[in-house]
Amino acid sequence: MPELPEVETVVRALRPLLTGRSVNAVRVLNASTVAGSLVPLARLAGLSIQAVERQGKYIWIHGSGARSLVVHLRMTGWLGVLSRAEFDRRADPYVRLTLELDAKPGAEPDLLVFRDIRKFGRVWGGPTQALAALKALAKLGPDPLVIESAAFLARLRARRGRLKTLLLDQTFLAGVGNIYADEALFRAGIHPLAEAARLSAPRAERLRMAIGEILNRSIEAGGSTISDYYHPDGQPGWFERELRVYGRGGEACLECGAKIKRIVLGQRSTCFCPKCQRK
DNA sequence: AGTTCCCTGAGG
DNA sequence: CCTCAGGGAACT
């Protein structure tokens, strides 16, 4: 499931493939993939792609004329660039949207393909300003790779509730999901049910560092391929072999041998070591 | 702040 | 068959 490292990997792979290309046509194969109206999305035809960026787990494809495309992969979304011939050869039933790009000299047109088995993914198209003002995007918190100690501590102190729940809140930090929240808490030695606002300053700093380290290391490994995540070129990520608690409920802790506990928090499973992680 | 729902393939 | 996984929106 794509979280910040997986989305960052996708953005880095797509950037050189898309920047400078023009969009000739937009084809929607599954209407529910498009958030809101289809009209502004259709109007993306003709724009020239200027930049590909990440905001939290959202992918921004910035175009000319102050128009953009925003993509959220959610659980099973995949983005890639395929030649028309390769696209036809695959006859993939899970393709939900394509953007036809201008042909490179002497070659057939390429397609930016959005495939998504479970249809949880969403795309938004339209004026860049209007997209940035969308509630989900406007309320996104700071990037965990960029936030500094004082700001992180202040944000923690301003919130109530359990630490794990807070880490999953995209308005607190943008980009951390279930996998890296569990892993960062383990590496920081902090219990997922710890009260966020009561965390001491040193422990808060340890957590911030753990989040940054785990995310950066995963980016270097190309993210984690747990079930459906693959790079735009079809390669898997390699970070899942580094995971120490996620998905390991009932197994032995790799540090101390204690049995990893699995609890459910807001419909999401949480795994932690009851001995290594303290409230 | 907690619950429900969306969706489909995989595994029992 | 049934159940489970899960990000985030939309509820209560």
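- The side chain of Y94(A) has dG9(B) as its nearest neighbour among dA1(B), dC7(B), dG9(B).
- When the P atom of dG8(C) is taken as reference, atom CE of M75(A) falls 10 Å away, rounded to whole Å.
- Closest to the side chain of I117(A), from the set dC7(B), dG9(B), dA9(C), is dG9(B).
- Atom P of nucleotide dA9(C) and atom CZ of R74(A) are separated by 6 Å, given to the nearest angstrom.
- Straight-line distance from the CD atom of E6(A) to the C1' atom of dG6(C): 14 Å, rounded to whole Å.
- Side-chain N/O atoms of Y246(A) include one lying less than 4.0 angstrom from OP1 or OP2 on dG6(C).
- Using a 4.0 Å heavy-atom criterion, one finds that T165(A) contacts no nucleic acid atom at all.
- The side chain of K57(A) contributes an N or O atom lying less than 4.0 Å from OP1 or OP2 of dG8(C).
- The interatomic distance linking Q170(A) (CD) with dA9(C) (C1') rounds to 13 Å, in whole Å.
- In this structure, S269(A) reaches the dG6(C) phosphate: one of its side-chain N or O atoms is under 4.0 Å from OP1 or OP2.
- Rounded to whole Å, the distance from CG on L166(A) to C1' on dG2(B) is 15 Å.
- Checking dG6(C), dT8(B), dA9(C) against the side-chain heavy atoms of K119(A) singles out dT8(B) as nearest.
- One finds the CG atom of D116(A) at 8.5 Å from the OG atom of S32(A) (value rounded to the nearest 0.5 Å).
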Verdict with supporting geometry, I211(A) and F152(A), side-chain contact (heavy atoms from CB on, under 4.5 Å): CA-CA 11 Å; I211(A) 295 170; F152(A) 183 70; 4.3 Å; yes

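- In terms of position along DNA chain C, the nucleotide closest to P2(A) lies nearer the 5' end than the nucleotide closest to the other residue of the pair K135(A) and P2(A).
- Below 30°, between 30° and 60°, or above 60°: for Y58(A) and H72(A) the angle between ring planes is above 60°, a perpendicular geometry.
- Between R262(A) and H72(A), the one whose closest nucleotide on DNA chain C sits nearer the 5' end is R262(A).
- Summarising the geometry, the separation between CZ on R160(A) and P on dA1(B) is reported as 7 Å, rounded to the nearest angstrom.
- Between K139(A) and Q170(A) the shortest side-chain heavy-atom distance does not fall below 4.5 Å.
- The CZ atom of R115(A) sits 13 Å away from the P atom of dT8(B) (whole-angstrom rounding).
- Using a cutoff of 4.0 Å between basic side-chain nitrogens and carboxylate oxygens, E108(A) and R84(A) are not scored as salt-bridged.
- Straight-line distance from the CH2 atom of W78(A) to the C1' atom of dG9(B): 19 Å, rounded to whole Å.
- In this structure, S32(A) and R159(A) both approach DNA chain B, and ranking their closest nucleotides by distance from the 5' end singles out R159(A).
- Counting any heavy atom pair closer than 4.0 Å across all strands shown, R122(A) reaches no nucleic acid atom.
- Under 3.5 Å, the side chain of R118(A) and the base of dA5(C) form at least one donor-acceptor pair of N or O atoms.
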